[in-house]
Amino acid sequence: MAATASARRQSLAGLARTKKSEGSSTNVIRRVAVGIVVLGLLGLVGLWLAGFLTTPKEVLAVRAAVDAQIVELERMARGTVPYSEEASSYRPLMDMARQVPDRYGDQARREIGRFFQARETAEVNSFFAIPPTQRAAELERRIKAEEARSARWEAERAQREASRKDAGSPAGGAASNQANAPTQGQRGRGARTEESRNAWAKRYIDNTSADGRARRTEYRRAKDQKRISMGLEPRR
């Protein structure tokens with residue numbers, strides 16, 4: 001009997017030690033988990049304070065300007081108002097995007113990309129929103145507006161070149177050119193490189209339906225044919 005009682009006591013003592021050890025291990029695991037969660041939260045707070053988890057005010061300004069333009073472009077796409085590139089000029093938007101700090105350049109480019117996609121959608125859909133009998137005249141109106149705009153831009157460019165030449169001595173002219181030249185970040189922000197064009201094309205395909213792309217192809221073909229009939233070369 002004494003031996004049996006002793007064996008029971010030893011067994012209970014061993015079980016108690018095992019439970020205590022398991023409880024200690026569980027507490028350690030809990031502490032480690034809590035520590036990881038706390039560190040993660042601190043990291044998120046740090047990223048938020050550094051601005052990585054928020055949209056910078058410069059990008060928000062570009063986004064608001066693009067949204068305002070898109071509202072008008074959607075009206076054009078529905079045929080509520082006539083389509084006009086003059087009413088949806090991208091130059092002010094590009095100027096805003098160039099003022100965004102370089103580290104936020106990608107976000108600014110995405111906002112500008114939304115504008116260009118909305119404008120192209122408006123151009124195509126507004127064309128098909130008018131009666132077929134009026135489409136030839138509408139194409140002619142748009143093409144003449146494009147040619148007038150191109151001529152105006154060319155005249156402005158020539159005037160800028162003339163102003164630089166009239167700036168004075170070669171040294172003065174060089175200084176004027178350097179002062180008016182965009183920074184590397186500005187050139188990169190405004191220029192459409194092969195990579196940016198490919199990225200835009202991918203976004204366009206991802207965000208448009210097959211029917212929308214077929215409409216775009218049909219519209220471009222009709223516009224090219226109209227330009228040829230007007231004695232102009234097709235635009236690419």
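Computed from heavy atoms alone, side chains included, the values below leave out hydrogens, waters and symmetry copies. For this chain, numbers begin at 1 and follow the sequence in order.
Between E218 and R221, none of the side-chain N atoms (NZ, or NE/NH1/NH2) sits under 4.0 Å from a carboxylate O, so this pair counts as no salt bridge. Taking the charged nitrogens against the carboxylate oxygens, E161 and R164 do have a contact shorter than 4.0 Å, which makes a salt bridge. A salt bridge links E120 to R220: at least one charged side-chain nitrogen sits closer than 4.0 Å to a carboxylate oxygen. The existence of a salt bridge linking R109 and D106 is confirmed by a sub-4.0 Å separation between a basic side-chain nitrogen and an acidic carboxylate oxygen.
The side chain to side chain contact (heavy atoms under 4.5 Å, CB included) search around R149 returns E85, E86, A145, E146, R152, W153, not counting sequence neighbours. The salt bridge (Lys or Arg N to Asp or Glu O under 4.0 Å) search around R114 returns D67, E111, not counting sequence neighbours. In this structure, R78 has no side-chain hydrogen bond (donor to acceptor under 3.5 Å, both in side chains) partners at least two apart in sequence or on a different chain.
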Checklist entry - Can M94 and R91 be said to form a side-chain contact (heavy atoms from CB on, under 4.5 Å), step by step? => result CA-CA 5 Å; M94 296 299 292; R91 284 190 170 186; 5.7 Å; no

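Counting heavy-atom neighbours within 6.0 Å of E156 CD, excluding the residue itself, gives a total above 12.
Remark: R227 CZ to R235 CZ distance equals 5.0 Å, nearest 0.5 Å. One finds the CD1 atom of I70 at 12.0 Å from the CZ atom of R119 (value rounded to the nearest 0.5 Å). Taken to the nearest 0.5 Å, the OG1 atom of T55 stands 4.5 Å off from the CZ atom of R63. Remark: T121 OG1 to M76 CE distance equals 13.0 Å, nearest 0.5 Å. Between atom CD of residue E147 and atom CD1 of residue I143 there is a gap of 8.0 Å, rounded to the nearest 0.5 Å. Note that CG of L93 and CE of M96 are 7.0 Å apart. Values are rounded to the nearest 0.5 Å.
In this structure a side-chain-to-backbone donor-acceptor pair under 3.5 Å is missing from R215 to V124.
Residues Y90 and F116 place their aromatic rings such that the two centres sit under 6.0 Å apart.
Listed here is the closest heavy atom pair of A129 and A77: CB-O, 4.3 Å. Contact record, A97 with I112: CB-CG1, 4.0 Å, taken as the closest heavy-atom pair.
Applying the ring-ring contact (aromatic ring centres under 6.0 Å, His included) test to pairs two or more places apart or on separate chains, those with a residue in residues 207-235 are F127-Y219.
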Pairs of donor and acceptor atoms involving the side chains of residues 134-141, under 3.5 Å and at least two apart or interchain, shall be tabulated with distances.
{"residue": "R135", "atom": "NE", "partner": "I130", "partner atom": "O", "Å": "3.2"}
{"residue": "R135", "atom": "NH2", "partner": "F128", "partner atom": "O", "Å": "3.2"}
{"residue": "R135", "atom": "NH2", "partner": "I130", "partner atom": "O", "Å": "3.4"}
{"residue": "E138", "atom": "OE1", "partner": "R141", "partner atom": "NE", "Å": "3.1"}
{"residue": "E138", "atom": "OE2", "partner": "R141", "partner atom": "NH2", "Å": "2.7"}
{"residue": "E138", "atom": "OE2", "partner": "R142", "partner atom": "NE", "Å": "2.7"}
{"residue": "E138", "atom": "OE2", "partner": "R142", "partner atom": "NH2", "Å": "3.3"}
{"residue": "E140", "atom": "OE2", "partner": "K144", "partner atom": "NZ", "Å": "3.1"}
{"residue": "R141", "atom": "NH2", "partner": "Y83", "partner atom": "O", "Å": "2.8"}

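L60 forms part of no hydrophobic cluster, judged by ILVMFWY side-chain heavy-atom separations under 4.5 Å.
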